[in-house]
Structures are given as C-alpha cells and as structure tokens.
Amino acid sequence: MSATTAAPVAVKVPAEVEKSVVKFVAEHGGSGTAVLQYLGEQGVRITLVGADGILGDRVVADMATAKALVERVDGLAETDEWNRELVSVVTPVASHWKKMAGWVANQTRFPKARNGKVFAGA
C-alpha cells in the first residue's frame, strides 16, 4: 500500500482585508501582533496591536483565512490569547472609546436603570 498525502488547500484571503492589515502594520511601527479570536458563526476576529500599541481589528470567515492572512503580512505575529506583555503595550487612541461606544457616545441623558431596585440594598 502506498500512502497518499493530501495537497494543501490554498486559502483565499480577501484582498481588501489583506490590504487594510498591511496598511495598518506599516502605519503603526512596521510590526504588530494579531490576536485570533473565534466568534462562532460570524467567523474570526483578528485584533491587531501595532508596535506603537494602537488597536485595529478585522473579521474574516474562518480560522484558516485568519492564519493565512497572518502568514501573508510581513511583520505580523500571531497569538491566540491576551497576555500581560501584550496588554501592557496597548495604548488606544483617544477616539477609540467613543468609536466603541457607538450611539451611546453622543448621549447626554440616560434612562433610569430598570434593575435599580434589585441592587438598592447591595
């Protein structure tokens, strides 16, 4: 019997995603780390941490695409977890908090909490 090996399947990385990640790495110190986080049916979130600590992110269809993207971008290293060293480097830009808050960021009045009675005695 002869053993056959399956040929590696080429993974297609979306050109727009690759282009944006290459641009991010170039603009933020020429190197960075990609934290790969499985989101379920939505795909895989690639959180980028530039050499200068600035954050970025993209979402791709699956883990194979995420890993292929990391391999194709020069200066990008992969990790699957946040560790102390990586977190200590992160320095979000001032507008990051507002961007992540979405519609809440522009609010001046907030409704009263509906669960206030539950925590009143705490």
Side-chain angles (χ1 to χ4, degrees):
M1 291 183 138
S2 65
T4 60
T5 57
V9 178
V11 177
K12 182 164 175 55
V13 176
E16 61 154 52
V17 174
E18 183 177 353
K19 183 178 177 183
S20 68
V21 172
V22 168
K23 181 179 176 184
F24 177 87
V25 170
E27 289 177 350
H28 297 286
S31 66
T33 303
V35 184
L36 307 182
Q37 302 161 78
Y38 183 66
L39 297 174
E41 290 182 14
Q42 293 83 12
V44 175
R45 179 178 186 185
I46 304 168
T47 304
L48 303 165
V49 181
D52 60 358
I54 300 299
L55 292 171
D57 74 325
R58 293 305 307 252
V59 176
V60 294
D62 53 30
M63 190 62 77
T65 306
K67 288 184 178 286
L69 174 66
V70 172
E71 289 177 13
R72 292 176 69 151
V73 177
D74 290 335
L76 194 58
E78 172 191 338
T79 185
D80 57 354
E81 65 181 19
W82 290 91
N83 56 33
R84 181 179 295 221
E85 292 79 25
L86 184 58
V87 172
S88 67
V89 172
V90 174
T91 46
V93 293
S95 63
H96 184 79
W97 307 111
K98 188 170 183 172
K99 177 181 172 188
M100 296 304 289
W103 67 271
V104 176
N106 297 319
Q107 298 300 307
T108 56
R109 293 181 39 206
F110 296 94
K112 289 186 178 182
R114 291 179 282 180
N115 60 356
K117 292 179 184 177
V118 174
F119 296 107

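- Atom OG of Ser20 and atom CG of Leu48 lie 8.0 Å apart (nearest 0.5 Å).
- The minimum heavy-atom distance linking Thr65 with Pro14 is given by the pair CG2-CD, 3.9 Å.
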Side-chain donor-acceptor pairs under 3.5 Å in residues 21-31, sequence neighbours left out?
| unit_1 | atom_1 | unit_2 | atom_2 | d |
| --- | --- | --- | --- | --- |
| His28 | ND1 | Asp52 | OD2 | 3.0 |

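- Cluster annotation: Val60 and Val70 are assigned to the same hydrophobic cluster (Ile/Leu/Val/Met/Phe/Trp/Tyr, side-chain heavy-atom contacts under 4.5 Å, transitive).
- Under the 4.5 Å side-chain criterion, counting only non-hydrogen atoms from C-beta, Val35 is not in contact with Ile46.
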Applying side chain to side chain contact (heavy atoms under 4.5 Å, CB included), run through Val90 and Ile54 and close with a yes or a no. CA-CA 6 Å; Val90 174; Ile54 300 299; over 6 Å; no

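- Residues Leu69 and Val17 meet the side-chain proximity criterion, which asks for heavy atoms closer than 4.5 Å.
- Looking at Arg58 and Glu16, a side-chain N of the basic residue comes within less than 4.0 Å of a carboxylate O on the acidic one, giving a salt bridge.
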Show which side-chain atoms of residues 36-43 pair as donor or acceptor with protein atoms under 3.5 Å away, not counting sequence neighbours.
| unit_1 | atom_1 | unit_2 | atom_2 | d |
| --- | --- | --- | --- | --- |
| Gln37 | NE2 | Thr47 | OG1 | 2.7 |

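- Screening residues 78-93 for side chain to side chain donor-acceptor pair (under 3.5 Å), with sequence neighbours left out, gives Lys67-Glu78.
- Taking every heavy atom of both residues into account, Val44 and Met63 meet most closely at CG2-N, 3.4 Å.
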